[in-house]
Amino acid sequence: MKTLIIRITLVIFGVGLGFFLVAGSSTSISKSAEPHRLSRSQQKNSARSSAAAKPDQKDLQRLIRTLREDRQTLDIRRELERLSSGELQSGMLEVMDTLRNDPKLFHTNYFLIGLFGAELYRRDGEAALEWAEKQEIDVDRFNQRAISSILNAAAASSPSVLKRWIDRLPDNLQQWEVAQYYLIAINSAASRGAEDWSEAAQIFAGYWTGAPYYPDDFDFSRMLKDAPNGSGVNDALCYWAAKDKEAAWVGMKSIYDGGEQGGEFSLGSLWKGVAATEGSQPALDWVVSHLDQIPENSRESAIEGLAREVRNRPEDFGALLKALPKEADRLAAAEEMLVNPSMPKQVKAALNTLPRQEQMAALLKRAKYFAKSYQEESSRAAINTRMESSMDLFNLNADERAQVMAELSGSSSSTSP
Amino acid sequence: MKSGAIIFIIAIAVGVGMGLFAQSNGRAGKSETAEKSQTTRPRERDQQRGDHPKWRSGDFLKRAGETAEARKHPLGAELANWTDAEIEAALYEALTKPEWLLNGSPTSDAASELFAEWMKRDFDAAYAWFLGIQDGTAKKQLTVCLGENWPEDRASEGFALLRINPKIFSQSNPARRKFVLQGLQDEAAKGGAIGLAALLAKINSEKLLSKYGYSPGPELPDDFDFGALAATDAFKDGWDTSEIRGLVSKWMAKDAESAVAWVLQTKGPGGICDVFKFGGATSTYNAVGGQMENWSDEIRSEFLDTIEKQVAGQLYTTSSVISELAKGTSDPALADEIREVGIQGMFAGRTSNVLPILDEMDPVRRVDALLAATSGMPKGQQNFGQSDEELLRKKLNEWQVSAEQTEEIVQRFKP
């Protein structure tokens, strides 16, 4: 009996222990494994939704989320989801027809057409574009056609689809009318991450505004590596430098080390970003302290890029000249300032900090550049006038003027700096 | 004891088996539940939505109309529960963000919304806060918000501020123009034409008048003496500003004969086009159209030549100018002469804009004009494309133009 009781106890205890070992341990595994199944962005989203769930939370981040989610159109979007594709199409045409009759209403309610377009594209993809292509061709403006808002939706999610359709757009569209789709494509791609941005940047080159939003984990170094002269890179670099100047510098340096010149204004973008958070002078000191790390053959173009940005704040230009350690650096910067004929007072004030011989050398450098770049006879008079006014600023004597004019006409025998 | 150990081990194995079974069941149960909830949730939603019929385009338009107003301040509803102190704290937080460097970032948009809400509640406190923050990108962007949300009933204070600190609102800030207009309006009501002329002269020398863009001109008292204003140097000296052209436009609408005569005399026919460009309104175009009947052939032709050149260069606006000018005249032949000018727009690739104007023409004259059309634009700038051709052919067919003439007309427009 006693043995039986012991055996029964052992059975119960053993089964219980076995069950607990497996079920209990598996619970802890699933707990720890669960987050790994989520991608980083999914984790963020889940954190975001739990934050969003607190209705009384009052902070800036919540406001930003509200803006990005466009919550005011939520009910309209839900109602659109209930419609069949056919109902969406006819509804969209009806809505457009009503709005086109009232330009003011068209302007304020254009977003509704955009929501129809987005839902149609989400559901039918390129078939939606094919349908829209056949609708209302005789309206005044392209953006009053159904296809325009569906293209906006395509641009926002599928740059390659947009690219295919750009060639199918009416042939009388102006460049700016097409550019709006590029802009949506590149900005939306930026908001999804560097990989998507790079893909879009390969497709649409040459548009210079930076995106309004980059996610926290956006890989700016990849952006620089993939398309250093891509759309909006300088604005992005500026933002990156404001967030993390050392990381931005490392990214920038790898471009120089790879033999690229770096975007046209890139060093200036770094300065601008750091200046926004630390002030102009500390930013200048910081940028200048890194100059020696730039390969010698890229140094001049880097300084030119810096000067082009700093000259937008002429009051800071003297400080830049003072901070630059080598005469060649100062001449490269000063020459960029001389390009500004519309701001003679500021140019004079900025370059007054240079010693006389460097002012003279900068003028000669500019004259040499003009002589090389504008060889046609037709531009000669304009270039002479430009140089004359620059010489007037610094009260050059007759001898000095003759030297500059000789350089400008290409007849100088001197080796200019 | 040995058998006890064996029983215990077997029992553990059985327990493990049961545990595994329970777990797999649990997983299946969980996923089933999840699936169920995923499938039932939309169904529940549909059911809830099913309580009301699907929206029709009218419902969407109505809802969009209601939302459109709210969308001007997309955080308005959320911020309604915030205290002023909470708004101020969030604004200070926003100022520290690097996102101000991004063009149109949600951070700067949120900050503008916060600032606008505060201005609405307590303008003086919000304005004092604004004056106290450091200069820089953020302040520059908030200045736009300050101008846009400046209380309507305090625009005169805005003008006074602008006189003291002209740089506070940049040339492109719409507030600048709004405040100047308010200042001119206040002065016209108080000091009449002479007072307004004196103020115009002063603020023109202070560079507060706009050199570009549209201005409707200030609202003026009914008995305002335009003739007295036009006789002053201030009016002539400020000709190249939007405000003066807005005033002339208002004068044209009120007394077309005197206003148009004054412009023709002081600036020539091109002056009328300048007024259109910077201060045009439907009433102005109609008024000028009415006056054209009295013009000499020379003036009329110079004026229409100028408009014709603009048609090719401009994108959309000129079509409505042409249409309204033609509507202003009671002479049908003159109306068609005006409409003909629009044909140049087709060479520029604006066929869809031009066709409604041509629709109103006498059919015979229309075909003659199309058959005689010659581009004033260089070949490289012409932009009549495939879609323009389709539209034109469709319309020519509608107008019952013969196949031969259709072909001839289409060929004229091809670059």
Side-chain angles (χ1 to χ4, degrees), chain A residues 3 6-7 10-23 26 56 58-60 63-64 66-68 70 72-73 75-76 78-80 82-83 87 91 94-95 98 108-109 111-112 137-141 170-172 174 209-214 235 238-239 242-243 272-273 276-277, chain B residues 4 7-20 22-23 49 54-57 60-61 63-65 67-68 70-71 74-75 78 82 86 90 93-94 98-107 109-110 113-114 136-137 315-316 349 352-353 355 383-388 390-391 394:
Chain A
T3 316
I6 291 169
R7 282 178 183 172
L10 283 174
V11 167
I12 293 169
F13 187 66
V15 169
L17 183 63
F19 185 88
F20 175 77
L21 277 175
V22 176
S26 70
D56 56 344
K58 293 173 182 171
D59 64 34
L60 187 64
L63 298 180
I64 292 168
T66 304
L67 284 177
R68 286 185 44 76
D70 193 13
Q72 287 170 319
T73 61
D75 56 345
I76 296 182
R78 280 187 183 149
E79 291 299 328
L80 287 170
R82 295 178 65 207
L83 302 185
E87 287 165 336
E94 273 176 49
V95 162
T98 308
T108 55
N109 289 4
F111 75 93
L112 177 60
I137 55 161
D138 51 354
V139 297
D140 283 357
R141 305 182 189 190
D171 46 8
N172 59 355
Q174 305 284 325
T209 323
Y213 175 81
Y214 298 96
D235 287 351
C238 173
Y239 170 62
K243 279 178 76 170
K272 191 179 166 190
T277 50
Chain B
I7 287 169
F8 185 63
I9 289 166
I10 293 171
I12 288 177
V14 170
V16 165
M18 282 168 66
L20 283 172
Q23 197 190 28
R49 290 176 196 164
K54 285 181 182 178
W55 283 13
R56 292 172 175 276
S57 56
F60 283 108
L61 281 163
R63 183 73 189 112
T67 311
R71 279 168 64 87
L75 298 177
E78 195 158 343
W82 287 43
E86 285 165 342
E93 188 194 345
E99 277 77 10
W100 291 96
L101 291 164
L102 302 173
N103 193 17
S105 83
T107 303
D109 287 351
E113 283 293 305
L114 284 158
T137 316
L315 299 176
Y316 302 109
S352 60
N353 274 110
L355 291 176
N383 204 16
F384 182 86
Q386 185 62 38
S387 49
D388 294 287
E390 281 169 30
L391 283 178
K394 192 176 152 200

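In the text below, chain A, chain B and the rest are named by the order of the sequence lines, each starting its count at 1.
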Shortest non-hydrogen pair, B:A94 vs A:L60, comes out as CA-CD2, 3.6 Å
Among B:A64, B:A90, B:G349, the residue with the most heavy-atom pairs under 4.5 Å to chain A is B:A64
Tell me, for B:L355 versus chain A, whether the close heavy atoms (under 4.5 Å) come from the side chain, the backbone, both or neither.
-> neither
Contact class of A:L112 relative to chain B, heavy atoms under 4.5 angstrom | side chain
Taking every heavy atom of B:S57 against every heavy atom of A:G91, the minimum-distance pair comes out as CB-O, 4.0 Å
Provide the closest heavy-atom pair for A:G273 versus B:L101 in the form atom of the first, atom of the second, distance.
-> CA-CD1, 4.0 Å
CG/A:D235 to CG/B:L102 distance, rounded to the nearest 0.5 angstrom?
-> 7.5 Å
Check each atom of B:Q386 against the heavy atoms of chain A and say whether the ones under 4.5 Å are side chain, backbone, both or neither.
-> both
Over all heavy atoms of both residues, which pair between A:Y239 and B:P98 is shortest? Give the atoms and the distance, please.
-> CD1-O, 3.6 Å
Considering only heavy atoms from C-beta outward, does the side chain of A:I76 approach that of B:F60 to under 4.5 Å?
-> yes
So, for B:A110 and A:L67, which heavy atoms are closest and what is the spacing to 0.1 Å?
-> N-CD1, 3.5 Å
Which answer fits B:E78, side chain, backbone, both or neither, if we ask what part of it has an atom under 4.5 Å from a heavy atom of chain A?
-> side chain
For A:L63 and B:E113, what are the C-alpha separation, side-chain angles and deciding distance, and is it a side-chain contact (heavy atoms from CB on, under 4.5 Å)?
-> CA-CA 9 Å; A:L63 298 180; B:E113 283 293 305; over 6 Å; no
Measuring from B:R56:CZ to A:E79:CD, what's the distance to the nearest 0.5 Å?
-> 13.0 Å
Going from OG1 on B:T137 to NZ on A:K272, what distance comes out if it is rounded to the nearest 0.5 angstrom?
-> 7.0 Å
Residue among A:T66, A:T73, A:T98 with most heavy-atom pairs under 4.5 Å to chain B = A:T66
Taking the side chain as every heavy atom from C-beta outward, state whether B:R71 and A:D70 have any pair of such atoms under 4.5 Å apart.
-> yes
Heavy-atom proximity to chain A below 4.5 Å, by part of B:L61 = both
Note: B:G104 and A:P212 closest approach over all heavy atoms is O-CB, 3.3 Å
